[in-house]
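Below: the structure, in structure tokens.
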Amino acid sequence: MICKNCGTENPEKANFCKQCGKRMDGKIICPSCKTENSEDSIFCYNCGNRVAGNTQQIVEQKSEQVVVSGGTNAAVAQTAPMNWKKGLEIAGGICAMLAVFAVLVCTFLLGIRAEFSGSGYEDAFGNMEQTIWYYFGDVWKELKELRETGGGISSMTDAEFMTYSIYSMEAVFGLLIAIGTMVATLVCSILTAVRFGMKMSGKTEKGCLPFAVAAVLSFICGAALLVSLNAARADGIKTVPNAAGIAGIVCGVTLLVICVALKIAVKGKELATKQSVMQLCFSIAALALICITLIFATLPMVNFEEGKVSFLAWGIVLADAEGYVDNIGTPYAFSIVAMIFQMSAVTLAVAAIGSRLNNLSSQKPNSGIALSVLLMFASVLFLIFAVLALSVSADKLRMEEGFNYAYVIVEFVFAALSLILAIVYKVLIPKKKPA
């Protein structure tokens, strides 16, 4: 809420300006009859007495009408702070809308790409790409072909049934990710546009940044989940987001950072307080820790032969390999549960990033401890079931390759650090932020 007198931004529920002390609605209370008068009143319309502070009021009103040398109105100087702040708010809103537009367009082109470089496969396969539309059509056609090849589910051999089950799991998870990403990004984009329109028309003082952050992070979450579902990395081969995914992430994040920077600039000298500086430093540190957690949560977790693959891809490889199908049931059951908690950790990490971004410029400091606890809980369960899956695999499958828990452990450690930081900040921040 902007003060009509000095242009200072105040909390939305403020009745008086924290800078000049005047009423936010500009009205003047008559000291004699307590009647509310308009801000340009000199005499009370109810009793005829001069209103309180009328001398100063008259001077201010006169000064706004005096034309000084060069034809410049003194009111320009009076309203200048409000004008440049308003300009920054509009620029921030435009950046938020551009970020939302970029990710909304890229959402319908989002996918993953398998890059082959220096592995000998690039000539045969090139860079294989798979968009989210694959989970709406082609994957179900492939499942139908598998059923027909096996003569129906009831006639399949154990190996054929295991392969069919694993591909079905990929289809279901992929479809849920695709639908969730599209719906969440679209809904948040619509809400961003509505809030931006209301802000520009003066119907609300609330900005559209929270919804824009939600739209961009919904897109990032979808891209991260697709990569974690199909992750693979070996010499000359790796799975990465496709061009639309990378473009959406880069454009969305860059424009959001500009939007947050502009909102911080509007706050100006309000950031000079000890609490505001602490809030800014905490948010930046928390963002760094959670981003590292997110990165490691999307990496391929299982060492297999010459590289690393996701839990899902590992099951597909085992189902196609001879000698493993009879013993794959229990290990793969644990790996599917581990993958579910891995995806939960990815989703919660993205949500925590959004919370920290909003906290950068929020007037109400938020430690984000609830999301940090949930992220830690998902990380703990992810670690437990990953260890169980890989340990049982080593025992039942008697695989010669050793399993590396490094990525799982690193993801768990940084999730724990983000929780510790949230607890420390929760203890340090006062219950109420001073006005």
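Counting from 1, the numbers follow the sequence of the chain as shown.
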Can Glu411 and Ser379 be counted as having a side-chain donor-acceptor contact under 3.5 angstrom?
yes
Please give me the minimum heavy-atom distance between [X] and [Y], naming the atom from each residue.
X      : Y      : value
Ile90  : Met200 : CG1-CE, 3.8 Å
Leu226 : Gly111 : CD1-CA, 4.3 Å
Leu209 : Cys259 : CD1-SG, 3.5 Å
Cys208 : Arg195 : CA-CG, 3.6 Å
Val227 : Thr298 : CG1-O, 4.1 Å
Tyr135 : Trp140 : O-NE1, 2.8 Å

Is there a donor-acceptor contact under 3.5 Å from the side chain of Thr192 to the main chain of Ala212?
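Yes, the answer is positive, given that a donor and an acceptor are paired below the 3.5 Å cut-off.
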Keeping Thr254 on the side-chain end and Cys251 on the backbone end, is there a donor-acceptor pair under 3.5 Å?
no
How about [X] and [Y]: do any of their side-chain heavy atoms sit closer than 4.5 Å?
X      : Y      : result
Met339 : Phe173 : yes
Ser218 : Thr181 : no
Lys206 : Phe211 : no
Pro241 : Ile112 : no
Leu417 : Leu421 : no
Val253 : Ile220 : yes
Phe108 : Trp133 : yes
Thr131 : Leu110 : no

Are the ring centres of Phe412 and Phe382 closer than 6.0 Å?
no
[atom2] on [Y] to [atom1] on [X], rounded to 0.5 Å:
X      : Y      : atom1 : atom2 : value
Phe414 : Met376 : CZ    : CE    : 13.0 Å
Leu109 : Asn242 : CG    : CG    : 7.5 Å
Ile284 : Leu289 : CD1   : CG    : 12.5 Å
Leu383 : Gln342 : CG    : CD    : 12.0 Å
Leu217 : Thr185 : CG    : OG1   : 10.0 Å
Leu375 : Thr293 : CG    : OG1   : 6.0 Å

Run the numbers on Met182 and Phe219 for side chain to side chain contact (heavy atoms under 4.5 Å, CB included), then give the verdict.
CA-CA 8 Å; Met182 286 183 171; Phe219 177 83; over 6 Å; no
Evaluate side chain to side chain contact (heavy atoms under 4.5 Å, CB included) for Phe282 paired with Val424, printing each intermediate quantity in order.
CA-CA 10 Å; Phe282 160 75; Val424 171; over 6 Å; no
Name all residues meeting the side chain to side chain donor-acceptor pair (under 3.5 Å) criterion together with Tyr425; count only those two or more places apart in sequence or in a different chain, and write none if there are none.
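Applying side chain to side chain donor-acceptor pair (under 3.5 Å) to Tyr425 gives none.
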Under a 4.0 Å N-O cut-off, is there an ion pair linking Glu89 with Lys263?
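Lys263 and Glu89: not salt-bridged.
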Quick one: do Thr107 and Leu186 satisfy side chain to side chain contact (heavy atoms under 4.5 Å, CB included)? Show the steps, please.
CA-CA 9 Å; Thr107 295; Leu186 181 60; over 6 Å; no
In this structure, which one of Leu419, Leu348, Ile369 forms a side-chain contact (heavy atoms from CB on, under 4.5 Å) with Leu374?
Leu348
Distance-only donor-acceptor pairs under 3.5 Å for side chains of residues 92-106, two or more places apart:
none

Could you walk me through whether Ile177 and Met343 pass the side chain to side chain contact (heavy atoms under 4.5 Å, CB included) check?
CA-CA 10 Å; Ile177 293 170; Met343 292 185 173; 4.2 Å; yes
